[in-house]
2 protein chains.
Amino acid sequence: MTTTARELPHPELVEVELPAVLFALSDPARLDLIRELAAHGTLTVAECQAQGPDVPKSTFSHHLKTLREAGLIRNEPAGRQRTVTLRRAELDERFPGLLDAVVTS
Amino acid sequence: MTTTARELPHPELVEVELPAVLFALSDPARLDLIRELAAHGTLTVAECQAQGPDVPKSTFSHHLKTLREAGLIRNEPAGRQRTVTLRRAELDERFPGLLDAVVTS
DNA sequence: GCAATCGTTCCAAGAAAGTCGAACTGTAAT
DNA sequence: ATTACAGTTCGACTTTCTTGGAACGATTGC
């Protein structure tokens with residue numbers, strides 16, 4: 001077999017709704033994570049988690065899910081790990097200036 | 001007595017936190033209201049309420065409270081009514097570009 | 001194959017938020 | 001004064017979100 005990794009669902013850009021984006025960003029832990037991603041680019045889940053305070057895996061994974069389903073990040077398999085990427089270019093297209101404002105503030 | 005109207009508490013600008021602002025904006029009804037205020041300037045509570053779909057007074061008042069406590073609006077007595085104002089200049093100072101991005105999108 | 005690792009999903013409990021009727025407060029008009 | 005009016009607050013209910021342990025699935029290394 002080749003790569004039969006677990007793909008998680010991601011909303012299309014047109015499906016990304018502003019209220020959901022704002023809600024996902026309204027949690028301090030998730031907001032910090034987005035800022036880390038904006039600064040460091042792509043990270044593995046483990047690296048993401050290492051940035052913040054110690055929190056159970058399941059809790060962290062739930063935050064990733066919220067951000068992913070809102071359309072803020074991509075979460076993709078990479079061997080036995082997973083990489084997390086901010087959908088910056090797409091979000092800049094859909095909501096111009098929003099990410100800049102949020103990450104800068 | 002002169003004007004002893006009911007003043008409601010408003011956070012100082014420095015006390016306004018980004019997560020609370022984003023949370024307040026993450027509800028479609030509240031987001032719409034902010035957009036109305038951005039477009040029309042100051043409105044009375046009744047005028048605000050008339051913009052959206054019909055909703056009980058108490059529910060609407062609760063949304064106003066959320067927005068006020070987050071620092072997004074001012075709600076001040078005006079005779080027997082109340083006026084609602086977007087704290088735009090202050091917010092632009094505290095979170096440059098945020099309101100523009102949110103209202104435009 | 002077997003074990004270890006990485007991370008998600010499942011489930012249950014507690015916390016927070018939304019909704020709305022009813023009661024209440026303050027202002028204006030008569 | 002009395003009545004009407006504009007909005008907030010209170011209280012109860014429902015819904016959603018958060019949190020974290022345990023189980024599961026997939027991948028790599030031995």
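Within every chain, numbering begins at 1; the chains are lettered A, B, ... in the order of the sequence lines, protein sequences first and strands thereafter. Bear in mind that the values here come from a model prediction, so they are computed numbers and not experimental data.
Looking at every heavy atom in both residues, Phe23(B) comes nearest to Arg30(B) through O-NH2, 3.4 Å. What you find for Gln51(A) and Glu36(A) is that their closest heavy atoms are OE1-OE1, 3.3 Å.
If you check residues 42-63 of chain B against DNA chain C, the residues with a heavy atom closer than 4.0 Å are Val55(B), Pro56(B), Ser58(B), Thr59(B), His62(B), His63(B), listed by number. Non-hydrogen atoms lying under 4.0 Å from DNA chain C are contributed by Phe23(B), Arg30(B), all within residues 15-31 of chain B.
Using modelled atom types and a 3.5 Å distance limit, the side chains of Arg82(B) and Asn75(B) yield a donor-acceptor pair.
In this structure, the separation between OG on Ser26(B) and CG on Asp27(A) is 11.5 Å, given to the nearest 0.5 Å. Atom NE2 of His63(B) sits about 10.5 Å away from atom CG of Asp32(B), to the nearest 0.5 Å.
A heavy-atom distance below 4.5 Å is not found between the side chains of Val84(B) and Thr42(B). Two residues are said to be in side-chain contact when any heavy atoms from C-beta on lie closer than 4.5 Å; Leu64(B) and Phe60(B) meet this criterion. By the 4.5 Å heavy-atom criterion applied to side chains, Val21(B) and Leu72(B) are counted as neighbours.
If you find the closest nucleotide of DNA chain C to Leu8(A) and to Arg80(A), the one lying nearer the 5' end belongs to Arg80(A).
As rounded to whole Å, 5 Å separates atom P of dG7(D) from atom CD of Gln81(B). The CD-P distance, from Glu7(A) to dT27(D), rounds to 10 Å in whole Å. We find that CZ of Arg68(B) is positioned 12 Å from C1' of dG7(D), with the value rounded to whole Å. Atom NZ in Lys65(B) sits about 23 Å away from atom P in dA6(D), given to the nearest Å. Per the geometry, CZ belonging to Arg74(B) stands 19 Å off C1' belonging to dT8(D), to the nearest Å. Following rounding to the nearest Å, Glu69(B) (CD) and dT9(D) (P) show an atom-to-atom distance of 9 Å. Atom P of nucleotide dA6(D) and atom CG of Leu64(B) are separated by 16 Å, given to the nearest angstrom. To the nearest angstrom, P of dA26(D) lies 11 Å from CZ of Arg82(A).
With respect to Asp100(A) and Arg88(A), a salt bridge is recorded, a charged nitrogen being found less than 4.0 Å from a carboxylate O. The pair Glu90(B)-Arg74(B) counts as a salt bridge, with a side-chain nitrogen and a carboxylate oxygen less than 4.0 angstrom apart.
Shown are His62(A), Arg68(A), Glu69(A); of these, the side chain to side chain contact (heavy atoms under 4.5 Å, CB included) with Thr66(A) is made only by His62(A).
For dT8(C), the OP1/OP2 oxygens have a side-chain nitrogen or oxygen of Asn75(A) closer than 4.0 Å.
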List every contact pair, protein side and nucleotides 14-16 of chain C side both N or O, where the distance is under 3.5 Å.
none

